[in-house]
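For reference, the structure discussed in these notes is given below.
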Amino acid sequence: MAPHNSIKKGFSKLIKEDKLKLIASYFENPGEVITLLKSYWHSDKRQQQLFDEFSENTISNFFIPYGISPNVNINGKTYIVPMVIEESSVVAAASAAAKFWGERGGFHAQVIDTRKIGQVHFGWNGDKEQLQELFPKIKERLLADTAVMTEKMVKRGGGILDIQLIDFTAQIDDYYQLRIAFNTCNSMGANFINSVLEQFGHSLQNFFAEQIELPETLRKVEIIMTILSNNTPDCRVKVWVECPVNQLDGIDEHLSGAEYAQKFKKAVDIAHIDPYRATTHNKGIYNGIDAVVIATGNDFRAVEAAGHTYAARNGRYESLSSVSISNDIFRFELEVPMALGTVGGLTGLHPLAKKSLELLGNPTAPELMIIAATMGLANNFSAVRSLTTKGIQAGHMKMHLNNILNQLQASEEEKRKAREHFKEKTVSYAGVEKYLESLRK
Ligand code: MEV
């Protein structure tokens with residue numbers, strides 16, 4: 001075990017080999033640690049350099065499985081969906097739901113809007129009515145000063161959609177905000193938005209400096225910060241499945257399809273009234289979404305942060321999905337914000353992200369929003385289905401069996417025997433340990 005020591009200054013200046021040696025020296029067996037971490041380096045030096053340059057202070061790579069959910073039917077089109085996730089059973093759960101709904105009309109999806117938000121937070125100690133009066137001129141100036149930066153995006157059909165001035169002086173003295181809406185087309189747009197916002201900050205300062213008719217104290221604005229908002233409620237997608245309730249016959253051996261639909265609805269309704277359940281329920285949704293977001297080189301923290309804010313939009317943290325049953329039609333729906341890109345950022349740099357997008361047929365950003373949300377609904381369906389029937393552990397632990405066997409350093413022969421043995425039995429760590437002991441005796 002590495003002791004919890006601190007590292008002396010200058011770590012970032014060391015070359016990679018020396019960083020690795022230094023970190024390894026904190027372990028009891030530095031040689032083994034170096035060999036282990038080096039064994040995860042890419043064999044092609046140029047590829048490894050690419051990965052090293054994604055981040056800082058890199059000493060190795062951290063592998064996460066890259067899986068496939070085949071045959072996901074969305075709006076009549078079939079996708080082979082790449083999923084990067086470490087949790088056993090997520091890909092299997094998504095695939096099972098895709099198969100189930102593929103036989104019932106597939107997934108239906110619609111992009112509601114794609115607008116993203118950026119903010120300029122600033123302080124000005126003048127009169128708010130005067131600021132409102134100046135605002136049309138300010139807006140004009142901001143747009144003029146960023147025209148060169150936005151030209152290409154405008155040509156692609158995007159750019160700045162709207163600029164609003166918001167008065168927060170009742171909460172914080174002199175604090176105002178410019179809230180800017182953007183369309184960033186197929187890019188996630190973080191760099192584009194942040195560059196435009198920083199220019200807005202400079203332009204705002206210049207604008208006020210030039211207002212010579214104002215007293216000198218009012219010719220200054222304090223730019224507190226400029227940054228995009230990860231709250232993207234208007235960059236949102238809706239995905240749903242539906243079928244007559246009798247097509248749910250057989251899911252639960254003791255209930256008719258109509259009865260099961262009611263039970264499923266109750267399970268989802270609980271996540272609407274109880275944040276403890278809602279958090280787990282939504283986590284199951286993000287099992288599917290994050291896996292696609294990561295596989296395509298997008299920012300899963302941004303996507304999750306937006307989703308959780310959206311889940312709390314009614315003043316309480318709630319389920320992102322909902323169920324309705326009307327005229328014997330069961331409908332299960334998910335509505336989520338989803339700021340994704342298919343160009344720019346890591347999407348074109350990470351070799352596997354690039355391949356993921358190719359596998360998906362090089363989708364547009366809105367199409368990728370639909371695919372990722374679909375996998376969220378698929379995972380949510382499978383999770384709630386398991387929870388309301390045989391329970392989650394049966395399937396989960398079957399998938400987890402491999403992990404337990406690996407932890408217990410089972411040989412290939414032992415693994416084969418254990419998989420056979422536990423086919424019809426409940427899997428637990430203690431049970432597997434005991435079984436391996438019996439084999440090894
Ligand atoms: C586990 O990763 C996800 C679930 O807990 C989701 C849920 O409870 O709905 C199974």
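As a basis for the values below, the full set of heavy atoms in this structure was taken, side chains included, without hydrogen atoms, waters or symmetry mates. First listed ligand is number 1; within each ligand, the first listed atom is number 1.
Contacts of R385 with ligand 1, taken as heavy-atom pairs under 4.0 Å, are absent altogether. The residue N380 has no part lying near ligand 1, judged by heavy-atom distances below 4.0 Å.
Those atoms of ligand 1 with a heavy atom of L387 less than 4.0 angstrom away are 7 (C), 8 (O), 9 (O). Interface atoms of ligand 1 facing I392, defined by a heavy-atom separation under 4.0 Å, are 10 (C). Against a heavy-atom cut-off of under 4.0 Å, E87 is close to the following atoms of ligand 1: 1 (C), 2 (O). In summary, the atoms of ligand 1 found under 4.0 Å from a heavy atom of K283, numbered by their order in the structure, are 1 (C), 2 (O).
The nearest protein atom to atom 3 (C) of ligand 1, hydrogens excluded, is given as N287 ND2, 3.5 Å; this is a heavy-atom distance. At the top of the distance list for atom 9 (O) of ligand 1, counting protein heavy atoms only, stands R277 NH2, 2.8 Å.
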Give the C-alpha distance, both sets of side-chain angles, the deciding distance and a yes or no for salt bridge (Lys or Arg N to Asp or Glu O under 4.0 Å) between E437 and R440. CA-CA 5 Å; E437 267 169 26; R440 288 168 182 173; over 6 Å; no

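For a threshold of 3.5 Å applied to N or O pairs, the pair formed by H281 and ligand 1 contains no separation below that value.
Within a 6.0 Å sphere centred on CG of N191, heavy atoms belonging to other residues, nucleotides or ligands number 12 at most.
Residue-ligand proximity: T280 is placed with a non-hydrogen atom under 4.0 Å from ligand 1.
For the pair R104 and F100, the cation-pi criterion (under 6.0 Å, within 45° of the ring axis) is fulfilled.
Between F182 and F192, the ring planes lie perpendicular to each other; the angle is over 60°, past the 30° to 60° tilted range.
Side-chain contact annotation: S95 with S69, donor-acceptor N/O pair under 3.5 Å present.
Here the side chains of F54 and L346 are in contact, with some heavy-atom distance below 4.5 Å.
Screening E335, E333, H281 against S321 for a side chain to side chain donor-acceptor pair (under 3.5 Å) leaves a single residue, H281.
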